Asker: 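What follows is a structure written as structure tokens; I'll ask about it next.
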Amino acid sequence: MSKTVSGFSKLNKLEKIDWLVSTYFNNENSVKQVLMQYWNSNPVLQDLHDDFIENTISNFYLPFGVAPNFVINGKDYTLPMAIEESSVVAAASLVAKFWSTRGGFKAEVISTTKIGQVHFMYEGEKTELQNYFADKKEQLFKVTDAITQNMRKRGGGILDIELRDKTSELENYYQLYVTFETVDSMGANFINSCLEAIANEFEKEDIQIVMSILSNYVPECLVHAEVSCKVEDLYAENSELFAQKFVQAVQIANAEPHRAVTHNKGIMNGIDAVVIATGNDFRAIEAGAHAFAAKSGSYRSLTNANIENGIFKFWIEIPLAVGTVGGLTKLHPLSKLSLKLLGNPSAKELMEIIAVAGLAQNFAALRALTTTGIQKGHMKMHLTNIIKQLGASEEEKEYLINYFENKTITHNAVVEAYNKLVGDN
Ligand SMILES: CC(C)(COP(=O)([O-])OP(=O)([O-])OC[C@H]1O[C@@H](n2cnc3c(N)ncnc32)[C@H](O)[C@@H]1OP(=O)([O-])[O-])[C@@H](O)C(=O)NCCC(=O)NCCSC(=O)C[C@@](C)(O)CC(=O)[O-]
Ligand SMILES: NC(=O)C1=CN([C@@H]2O[C@H](COP(=O)(O)OP(=O)(O)OC[C@H]3O[C@@H](n4cnc5c(N)ncnc54)[C@H](O)[C@@H]3O)[C@@H](O)[C@H]2O)C=CC1
């Protein structure tokens, strides 16, 4: 039987579910129950979520946690984190507490420029194109006046429009390279609207517009965050060895792409969690961060560390185009709450907070990796997930948690202990 369908989008939610259950699940009633048990009991709230995307049939929950004790630029924060992976929030909390007694995190936005491009093809004389652009430039600004009016009042808008010759990379390929300041918004829709107006005005017989779109590679929307302290203040025992191995771990990530990818994945554990909790676009952040990590031509660590004159310093530089207005930021009740928890920051302050979340997460991972190994803490947090997968009762869960208090946790070890417990009973 064919599984294609036309007019699916026009069905109501229950009809969509019925089609799905009969087509893919052999009419199993439990499937409908699972989908419906994740509906919000408040219909107004459910309607809100339904409208975020298309063909919504249920909600997919992510745990929403908080990591207290962050001190950033002398100010106290509790970070909201939406993430499915165990040990990330615990690790952030642990590191926040650790650095809160060592001067906290320092963070600074370096620049906030966003980028958009009108990609086009032109086969004629280059100088003619250059002259055409020079004559047109003022008009290109003018046609966006209505769109940029409010943004200009906030101190933003279009910063510049450049003609770029890309013919050495692709035959007949040029672009209008447009830079923007979007203040407290990520600016994707604002930028795209401006670009389309610019492209319309610029197009003519011998200029074929291919597309107009913002770039998610924003190396000039950059934030720096760091921690530092005397090496001897790092840990009570063997601080020097700890600092040395920590720096080596970062150097390895800078020298070796396989390690760099995992290293940066750990950083993104912290970054994405706050990005998602604040209603920002994590795909945009991910794509931009990894492109930045590869800017030298080989993929490297997003963090760096050194020891100079007895001082351990650990820092991150990362492009983060985030907003505190626009998108879902004020629409999703939990994003709104997250921003309120952070004191309703500006986009710049949010960039600093998110960079710190990434740095803290990387500190936690490298600390664990270079000392006890990652599995000890990670499996301690993951233990309850394994126990639940086994279908253990509350009593059995309590027994297993106590049993593994001082033992190495592996999936097999938990299964064995559970089977023994159930067998014994
Ligand atoms: C997991 C910990 C924190 C345990 O660390 P611990 O020392 O066993 O924790 P503790 O029980 O002594 O508690 C100390 C503090 O840790 C936090 N903490 C501790 N437990 C909890 C909890 N249940 N809920 C909330 N917070 C918790 C909390 O701040 C607590 O202070 P308190 O609140 O008691 O004043 C530590 O072992 C750790 O940081 N491990 C690293 C974990 C990590 O990095 N996880 C990321 C996932 S692994 C990954 O995907 C990335 C990776 C590793 O591949 C990246 C890479 O390779 O670079
Ligand atoms: N490639 C990408 O990353 C793309 C992303 N998107 C999506 O676009 C959304 C973000 O676009 P935005 O234009 O940021 O959101 P948006 O379309 O909701 O617009 C935000 C608007 O808020 C207004 N505003 C009010 N106060 C402001 C202030 N203080 N500073 C700046 N603006 C203020 C401005 O008019 C601004 O244009 C996200 O949902 C993202 O997922 C859309 C297209 C492509």
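Everything quoted here is computed from the prediction, not taken from an experiment. All values below come from the heavy atoms of this structure, side chains included, with hydrogens, waters and symmetry mates left out. Starting from 1, each residue takes its place in the sequence as its number. Read the numbers this way: they start at 1 and go in the same order the structure lists the ligands and their atoms.
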Asker: Please table the atom pairs, donor to acceptor, closer than 3.5 Å between any side-chain atom in residues 314-326 and protein atoms at least two apart or in another chain.
Answerer:
| residue | atom | partner | partner atom | Å |
| --- | --- | --- | --- | --- |
| Glu317 | OE2 | His224 | ND1 | 3.0 |
| Thr324 | OG1 | Pro345 | O | 3.4 |

Asker: For atom 20 (C) of ligand 2, what is the closest protein heavy atom, and at what distance to 0.1 Å?
Answerer: Gly326 CA, 3.7 Å
Asker: If you have a sec, work out which protein heavy atom is nearest atom 37 (O) of ligand 1 and how many Å separate them, to one decimal?
Answerer: Gly377 CA, 3.3 Å
Asker: Heavy atoms of the protein only: does one fall short of 4.0 Å from atom 5 (O) of ligand 1?
Answerer: yes
Asker: Could you identify the single nearest non-hydrogen protein atom to atom 28 (C) of ligand 1 and state the distance to 0.1 Å?
Answerer: Ser93 CB, 4.0 Å
Asker: Pick, from Ser86, Gly373, Gly65, Ala368, the option with the minimum heavy-atom distance to atom 40 (N) of ligand 1.
Answerer: Ala368
Asker: Of the protein's non-hydrogen atoms, which lies at the shortest distance from atom 31 (C) of ligand 2, and what is that distance?
Answerer: Thr182 O, 3.2 Å
Asker: So which protein heavy atom does atom 29 (N) of ligand 2 come closest to, and at what separation?
Answerer: Asp184 OD2, 3.3 Å
Asker: For atom 22 (O) of ligand 2, which protein heavy atom lies nearest, and how many Å away is it?
Answerer: Val325 CG2, 4.2 Å
Asker: I need the atoms of ligand 2 closer than 4.0 Å to a non-hydrogen atom of Asn192, numbered in the order shown.
Answerer: 43 (C), 44 (C)
Asker: Does Met151, backbone or side chain, put an N or O under 3.5 Å from an N or O of ligand 2?
Answerer: no
Asker: Nearest heavy atom to atom 27 (C) of ligand 2: which of Arg154, Glu181, Lys330 does it belong to?
Answerer: Arg154
Asker: Which ligand 1 atoms are under 4.0 Å away from a heavy-atom of Leu369?
Answerer: 56 (C), 57 (O), 58 (O)
Asker: Are the side chain of Glu15 and the backbone N or O of Asn12 linked by a donor-acceptor pair below 3.5 Å?
Answerer: yes
Asker: When you check the gap from the basic side-chain N to the acidic O, do Glu201 and Lys136 get nearer than 4.0 Å?
Answerer: yes
Asker: Just which atoms of ligand 2 are under 4.0 Å from any heavy atom in Phe190?
Answerer: 13 (O), 37 (O)
Asker: Atom 52 (C) of ligand 1: which of Ala253, Ala360, Ala260, Ala365 has the nearest heavy atom?
Answerer: Ala365
Asker: Nearest heavy atom to atom 16 (P) of ligand 2: which of Gly156, Gly327, Gly288 does it belong to?
Answerer: Gly327
Asker: Return yes if some donor-acceptor pair links the side-chain N/O of Asn59 with the main-chain N/O of Tyr61 below 3.5 Å, else return no.
Answerer: no
Asker: How far is atom 44 (C) of ligand 2 from the closest protein heavy atom, and which atom is that?
Answerer: Leu214 CD2, 3.8 Å
Asker: Side-chain donor-acceptor contacts of residues 208-217 below 3.5 Å, not counting sequence neighbours, with atom names and distances?
Answerer:
| residue | atom | partner | partner atom | Å |
| --- | --- | --- | --- | --- |
| Ser215 | OG | Tyr217 | N | 3.0 |
| Ser215 | OG | Tyr217 | O | 3.4 |

Asker: Have a look at Thr303, Ile83, Leu366, Ile374 and point out the one with the heavy atom closest to atom 53 (C) of ligand 1.
Answerer: Ile374
Asker: So which protein heavy atom does atom 47 (C) of ligand 1 come closest to, and at what separation?
Answerer: Glu85 OE2, 3.3 Å
Asker: Do His263 and Thr303 pair up side chain to side chain, a donor and an acceptor below 3.5 Å, judged on atom types alone?
Answerer: yes
Asker: Quick check on Glu169: does its CD atom have over 12 non-hydrogen neighbours (other residues, nucleotides or ligands) under 6.0 Å away?
Answerer: yes
Asker: What is the nearest protein non-hydrogen atom to atom 10 (P) of ligand 1, stated with its residue, atom name and distance?
Answerer: Lys380 NZ, 4.1 Å
Asker: Any donor-acceptor pair under 3.5 Å linking the side chain of Ser58 with the backbone of Leu35?
Answerer: yes
Asker: To which protein heavy atom is atom 23 (N) of ligand 1 closest, and what is the distance rounded to 0.1 Å?
Answerer: Met381 SD, 3.6 Å
Asker: Counting only heavy atoms, tell me which of Asn216, Asp281, Ile285 gets closest to atom 1 (N) of ligand 2.
Answerer: Asn216
Asker: Please confirm whether Lys376 approaches ligand 1 to less than 4.0 Å, judged on its heavy atoms.
Answerer: no
Asker: Tell me the protein heavy atom at minimum distance from atom 10 (C) of ligand 2, and give that distance in Å.
Answerer: Met186 SD, 3.8 Å
Asker: Specify the protein heavy atom at minimum distance from atom 14 (O) of ligand 2: its residue, its atom name, and the distance to 0.1 Å.
Answerer: Gly187 N, 2.6 Å
Asker: For atom 7 (C) of ligand 2, grab the closest protein heavy atom and report residue, atom and distance to one decimal in Å.
Answerer: Ala188 CB, 4.0 Å
Asker: So is Thr262 touching ligand 1 or not, going by heavy atoms under 4.0 Å?
Answerer: yes
Asker: Ignoring hydrogens, tell whether any protein atom lies closer than 4.0 Å to atom 2 (C) of ligand 1; use the non-hydrogen atoms only.
Answerer: no
Asker: Nearest non-hydrogen atom to atom 25 (C) of ligand 1 belongs to which of Ala91, Gly270, Ala90?
Answerer: Ala90
Asker: Looking only at protein heavy atoms, identify the closest one to atom 46 (C) of ligand 1 and say how far it is in Å.
Answerer: Ser87 OG, 3.6 Å
Asker: If you compare all heavy atoms of Ala277 against all heavy atoms of Pro80, which two are closest, and at what distance to 0.1 Å?
Answerer: CB-O, 3.6 Å
Asker: Considering heavy atoms of the protein only, find what lies nearest to atom 33 (O) of ligand 1 and give residue, atom and distance to 0.1 Å.
Answerer: Lys97 NZ, 4.6 Å
Asker: Identify whether NZ of Lys or CZ of Arg in Lys407 sits under 6.0 Å from the centre of the six-membered ring of Tyr403 and within 45° of that ring's axis.
Answerer: yes
Asker: Any idea which protein heavy atom is nearest atom 15 (C) of ligand 1, and the distance to it?
Answerer: Leu94 CD1, 3.6 Å
